[in-house]
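What follows is a single structure, written as structure tokens, with notes after it.
This one's a predicted model, so the numbers in the text were calculated from it and none came from an experiment. Just so it is clear, the values below take in all heavy atoms, side chains as well, and ignore hydrogens, waters and symmetry mates.
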Amino acid sequence: MIEKMELLDVDKLIEEFESMTKDAGNVQRETLKKILEENGCAEYLQNLGLNGKTDPESFKACVPLVTHNDLQPYIQRIVDGSSSPILTGKPITTISLSSGTTQGKPKFVPFNDELMETTLQIYRTSYAFRTREFPIENGKALQLIYSSKQSKTKGGLIAGTATTNVFRNSQFKNTMKAMQSQCCSPDEVIFGPDFHQSLYCHLLCGLIFRKEIQFISSTFSHSIVHAFRTFEQVWEELCADIREGVLTSRITFPSVRSAMAKLLKPNPELADLIQKKCLGLNNWYGLIPELFPNVKYIYGIMTGSMEPYLKKLRHYARDLPLISADYGSSEGWIGANVNPNVPPELATYVVLPNIGYFEFIPLKENVEEAKPVGLTEVKVGEEYEVIITSFAGLYRYRLGDVVKITGFHNLSPELKFICRRNLMLTINIDKNTEKDLQLAVEAASKLNTEEKLEVLDFSSHVDLSTNPGHYVIFWEISGEVRDEVLEECCNCLDRSFVDAGYVSSRKINAIGPLELRVVQRGTFQKILDHYVGLGAALSQFKTPRCVGSTNNEVLQILCNNVVKSYFSTAF
């Protein structure tokens, strides 16, 4: 008997979202009240003298703004197994590890049922708006998701990346079914111990079910581009598996092999079709719609540090819509993308006023003196740093993200992600963010397009071993480029940092000439392997855009793989 499955009521979800955002101010007060009532007995809040008060005014007067470093001692006690209520009323049983690509090592963040529920609420909300614009049939999804291992802390808590904690939660699968978004790959592939093998099997499952695939998704757009770059290398092997009905010997894990054996049957017609399509493509342009004729869109986080991969993703996708997924972090969710028609570069996120209590530090004033404002008090066009108070024990927590308010959806603000605050290239009075770096790389890489070459990935470093210090940009390029072109790229990079502090420092040689170091092919794959080896999940991987000297292993990988180096003569 086929079990009858409840599909999500899209109209009802949108209606609930509309009524909640029309009353955003009151919903915020109620949400804060609920958080403080549920966790009022926690030691952290008890020590701050709230004495049962749950109104925003008392909360802001008693509770200080904090960073992860301030909460680290409390979180460490939870990780070590203390069962007393430290940050939350109910015990925390699971810990999330942040991706660790920003600071070089993962941070521990509490994860609980309430955080899982807000995750699913965000998923359901954006699904409702997406489905209204791009209706999908009850098929399958090629979800390029990977779950790293969950481990136990010495105090007996389950620890895993945030994505792993979500994927392994029983509610995740039920919600995906209700959203007609079932992964075409078996669990053994998603939870496989080796991501190279899981990726190969994801691609194989996608091809087996090619006509049923309704959309392609991953946590980050990087994983989607990485998957199809891999496809270019292994497509003939995939075709051989399909033709013979036998899985390649490169897949070594018995659990993965037996799960795939149930799906794989000899199908020479399909193998011939895929081969014909691959050979008929020009430089793999439009690969995705050729392989998956019924795909409606491609979905994943495409903003912030993922923006540089859009050009390649569009190459594979041809005219398929690219939809940026929702805005959040390991610490908690913030907003949903309710305008799926908008291209990823312009994507905005509407804050859900019931998933946490939100404040915003205005950035046009001196940040140390600026007073945070509430969710409904932000001003359109201004930039702010986000502060979250969550159901998982974070109170007035500085997320470190800079957002711009682009408008309001009813009374709840629409945000555009700008950059991470702490990702700064700085030597003295210069201040360049990840966004500035991205714009500089985009400008300079245009000089390569005449050579029909692309910058596959990039990172940066502030080298203070020279006097004066200088910026170092690392590029991995898809082929050989003439020296004179790369010299011009180097000059263009240097000129593209338009921050006044940088330009004036370069003119008086208080900052030395920018250096472009070209690394050999596969260097950024080594960085990815390094993080996965430390326990990061591939689906949570973000290329570190600025590598500090504390992140020594990654810096060594970059420096050991340099094949050419150029210094700017722009100033």
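- Cation-pi geometry between Lys296 and Phe134 is not met: the NZ or CZ atom fails to fall both under 6.0 Å from the ring centre and inside 45° of the normal.
- Sorted by first and then second residue, the salt bridge (charged side-chain N to carboxylate O under 4.0 Å, His left out) pairs with a member in residues 328-347 read Lys107-Glu331, Arg314-Glu345; sequence neighbours excluded.
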With salt bridge (charged side-chain N to carboxylate O under 4.0 Å, His left out) as the criterion, how do Arg124 and Glu117 come out once you've worked through the C-alpha distance, each side chain's angles and the decisive distance to 0.1 Å?
CA-CA 10 Å; Arg124 288 190 290 259; Glu117 184 40 52; 2.6 Å; yes

Checking side-chain hydrogen bond (donor to acceptor under 3.5 Å, both in side chains) for the pair Asp326/Ser126: CA distance, chi angles, key distance, verdict?
CA-CA 7 Å; Asp326 310 301; Ser126 57; 3.0 Å; yes

For Glu188 and Ser255, run side-chain hydrogen bond (donor to acceptor under 3.5 Å, both in side chains): C-alpha distance rounded to whole Å, both residues' side-chain angles, the deciding distance at 0.1 Å, then the answer.
CA-CA 6 Å; Glu188 289 83 353; Ser255 62; over 6 Å; no

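- For the 3.5 Å distance criterion, the side chains of Arg250 and Tyr200 fail to qualify, holding no donor opposite an acceptor.
- Electrostatic pairing of Asp272 and Lys277 does not count as a salt bridge here, judged by no charged N lying under 4.0 Å from a carboxylate O.
- A distance of 6.0 Å or more separates the ring centres of Tyr471 and His461.
- Annotation: cation-pi pair Arg517/Tyr566 absent, no NZ/CZ under 6.0 Å from the ring centroid and within 45° of its normal.
- With salt bridges taken as basic N to acidic carboxylate O contacts below 4.0 Å, none links Arg210 and Glu290.
- A salt bridge is defined here as a Lys NZ or Arg NE, NH1 or NH2 lying under 4.0 Å from an Asp or Glu carboxylate O, and Glu454 with Arg229 meets this definition.
- The two residues Ala440 and Leu493 make their nearest non-hydrogen contact at O-CD2, 3.6 Å.
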Pair Tyr316-Tyr285, ring-ring contact (aromatic ring centres under 6.0 Å, His included): steps then yes or no
CA-CA 5 Å; Tyr316 288 135; Tyr285 176 70; 9.7 Å; no

Please test Cys489 against Trp475 for side-chain contact (heavy atoms from CB on, under 4.5 Å), starting from the C-alpha separation and ending with a verdict.
CA-CA 11 Å; Cys489 287; Trp475 273 12; 3.9 Å; yes

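- Between His222 and His226, the ring planes lie parallel to each other; the angle is under 30°, not in the 30° to 60° tilted range.
- Between Lys446 and Glu442, none of the side-chain N atoms (NZ, or NE/NH1/NH2) sits under 4.0 Å from a carboxylate O, so this pair counts as no salt bridge.
- Side-chain contact check for Tyr309 and Ser223: no donor-acceptor pair (N or O, by modelled atom type) lies under 3.5 Å.
- Ring pair Phe129/Phe17: centre-to-centre distance below 6.0 Å.
- Salt-bridge annotation for Asp483 and Lys564: present, with a side-chain N of the basic residue lying under 4.0 Å from a carboxylate O of the acidic one.
- Side-chain atoms of Asn339 do not come within 3.5 Å of backbone N or O of Asn341 as any donor-acceptor pair.
- Using modelled atom types, one side-chain atom of Ser324 and one backbone atom of Met302 make a donor-acceptor pair closer than 3.5 Å.
- Looking at Arg521, its side chain never comes within 3.5 Å of a backbone N or O of Glu476 through a donor-acceptor pair.
- Taking the six-membered ring where the residue is Trp, Tyr349 and Tyr327 present tilted rings, their angle falling between 30° and 60°.
- Relative to the ring axis of Phe524, Lys526 does not place its NZ or CZ within 45° and under 6.0 Å from the centre.
- Counted by atom type alone, Glu515 and Ser565 present one or more donor-acceptor pairs between their side chains at under 3.5 Å.
- In this structure a side-chain-to-backbone donor-acceptor pair under 3.5 Å is present from His315 to Asn283.
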